[in-house]
Amino acid sequence: MASISAANNIIVEKLPRTDRKSSISKSGRHTRRCFYGRNRSRFSSITLCAVSEDTTKDVEFPPFLPSEVKNVKDLAAREMARRIQRLPVQTKLSKQPIMSSCVMPNTQNMDATPVVFLHGFDSSCLEWRYAYPLIEAAGVESWAVDLLGWGFTNGEGVTSFSVAAKREHLYEFWRTYIQRPMVLVGASLGAAAAIDFAVLYPESVSSLVLIDASAYAEGTGNMAKFPKFLAYAGVSLLKSIPLRSYANLLAFHSISTSRIIDSMNVGRLHCLLPHWEEATIDFMRSGGYKVATRVKEVQKKTLVIWGENDKIVSKEYAQRLQNDIQESKLQYISECGHIPHVEKPDIVANIIIEFLKGKHAKCLDHET
C-alpha cells in the first residue's frame, strides 16, 4: 500500500502495523547534576523489565527488517521496530532515491519545532526505543533518523558512506520532510554528527542536545589506513555476539545478564542487512568524524547530558564541551553510563522536555 505525505506530496511506503544544583563553572555557565528517584516513569519500569514477558505472538514488522527482529523480546524495541518506515530521499549519492529508514511522528505541525534523534556509532533508531515514546507522549513532534550506512536504510547503489555523505543525506532528509529548524539530539557519535551538521547547516538547527558526546575523538584513527581486506576482518567483528555483549557491559553502569543479551540482539539487528559491511568499511576508511575544531563554532543553544559513570567517554570531556560551546548547560546523571537514553530514559526524557520548554530539570546541588 502507499500513502501520500501531506507535507511533501511524496508517495511513501505504507508498512504493516498492528494495534497499537546548580553550581557555577569558572566560565559562568551552569553545571547541573541531577538525582532522581528510581523508576519515576511507569513506562520506564515496564519497558526495562519487559524482556521477561511472552513476546512470541505473531507480530507484523516492516518487510525490510531482518527476520531476526522476531527474536527480540524487549517490548519497547518491538514496538519501535513496527513503526520504522523507509522514505525516499534524493541525493547525489545514488541514481535512485535512497529509501531511508526512520521513525516518524504520527502527525506534523509545521508551526511547532520538531525534535530529531540521531543514534551513535554503528547503531540504529532502535537506540531511542525508551526515550522516544516518552518525549513523543509529551506532545513533541519527534523523528528518529538512521544515519546513512547504519540502521535500516537501503544502501544499494549508494556510492559513499563517509561523513560528507552522511551529512548530505541528513540535509536532504531534513529539506524534504522536516523543512524547518529542528532541535537536533545526538548521542555519542550521533552528537558528533549533530555538531558537524549544526555548524555547516545552521539554518536547519534551532538548538542542540548532546548526550555523552564523542566530540574530541580523532576520527577512526589507524583504521583509516588499514588495507581493505584487513578492514573487512575488523568490521566483521563488530557484529559478533561476544564483542557486542562486551560493548554493552562497558556502555552501561549496571546491567543484568538478560538485558545484555536482548540489548545485544537489538544493537546488532541492522548488521544483518545487505551492504552493512561495505558501508561501515567505507566510513571507517574515510577517517570518520573529526569535530574537535568545530565545537567552538557552534552558535546554538546547547544542552549537554552526561552519565557520570561513563566508561567509554570520560565525563571530563563533558566540562570541556560545555566550556567550548558559548551558550550551553551541562547536566550529569548519577549512576549512569555511556547511554543515558537507554539506561535512564525517564530522566533523559524529562531533562529534554524541560529544555524544550526553556526550563531546567529540578536538580539537587552536588559537589564534584
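- A chain of hydrophobic side-chain contacts below 4.5 Å, direct or via other Ile, Leu, Val, Met, Phe, Trp or Tyr residues, connects Val116 to Tyr201.
- If you chain together hydrophobic residues whose side chains sit under 4.5 Å apart, Val163 and Leu184 fall into the same group.
- In the displayed structure, Glu316 atom CD is contacted under 6.0 Å by at most 12 heavy atoms of other residues, nucleotides or ligands.
- Between Trp150 and Phe283, a ring centre-to-centre spacing shorter than 6.0 Å is recorded.
- Aromatic ring centroids of Trp128 and His341 lie under 6.0 Å apart.
- Residues Val72 and Ala77 come closest through the heavy atom pair CG1-CB, 3.9 Å.
- For Phe161, the ring-ring contact (aromatic ring centres under 6.0 Å, His included) test picks out no residue, with sequence neighbours left out.
- Counting non-hydrogen atoms of neighbouring residues, nucleotides and ligands closer than 6.0 angstrom, the NZ atom of Lys92 reaches no more than 12 such neighbours.
- Partners of Ser314 according to the side-chain hydrogen bond (donor to acceptor under 3.5 Å, both in side chains) rule, which considers only residues two or more places apart in sequence or in another chain, do not exist here.
- Closest non-hydrogen pair, Phe197 versus Ser204, comes out as CE2-OG, 3.0 Å.
- A side-chain hydrogen bond (donor to acceptor under 3.5 Å, both in side chains) with Ser100 is found for exactly one of His169, Gln85, Glu172, namely His169.
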Run the numbers on His270 and Asp122 for side chain to side chain donor-acceptor pair (under 3.5 Å), then give the verdict. CA-CA 9 Å; His270 67 284; Asp122 190 26; 2.8 Å; yes
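- Remark: Trp143 engages Phe173 in a ring-ring contact (aromatic ring centres under 6.0 Å, His included) (not counting sequence neighbours).
- The hydrophobic clustering, which links ILVMFWY residues whose side-chain heavy atoms are closer than 4.5 Å, places Leu148 and Ile281 apart.
- Rounded to the nearest 0.5 Å, atoms SG (Cys271) and CD (Glu277) are 9.0 Å apart.
- Taking CD1 from Ile84 and CE from Met104, the interatomic distance works out to 13.5 Å, rounded to the nearest 0.5 Å.
- In this structure, the side chains of Pro274 and Glu156 stay at 4.5 Å or more apart for every pair of heavy atoms.
- The stretch residues 186-214 participates, sequence neighbours left out, in these salt bridge (charged side-chain N to carboxylate O under 4.0 Å, His left out) pairs: Arg167-Asp196, Asp196-Arg294.
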Could you please spell out the steps behind the side chain to side chain donor-acceptor pair (under 3.5 Å) verdict for Thr153 and Ser101? CA-CA 5 Å; Thr153 291; Ser101 52; 3.1 Å; yes
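- No continuous path of hydrophobic side-chain contacts links Ile261 to Tyr130 [ILVMFWY only; heavy atoms under 4.5 Å].
- In terms of the ring-ring contact (aromatic ring centres under 6.0 Å, His included) criterion, residue partners of Tyr216 (sequence neighbours excluded) are, by chain and number, Tyr317.
- Residues Val209 and Phe117 are members of one and the same hydrophobic cluster, defined by side-chain heavy-atom contacts under 4.5 angstrom among Ile, Leu, Val, Met, Phe, Trp and Tyr.
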N/O donor to acceptor pairs below 3.5 angstrom from side-chain atoms of residues 247-255, sequence neighbours left out:
unit_1, atom_1, unit_2, atom_2, d
Asn248, OD1, Ser263, OG, 2.8
Asn248, ND2, Arg244, O, 2.9

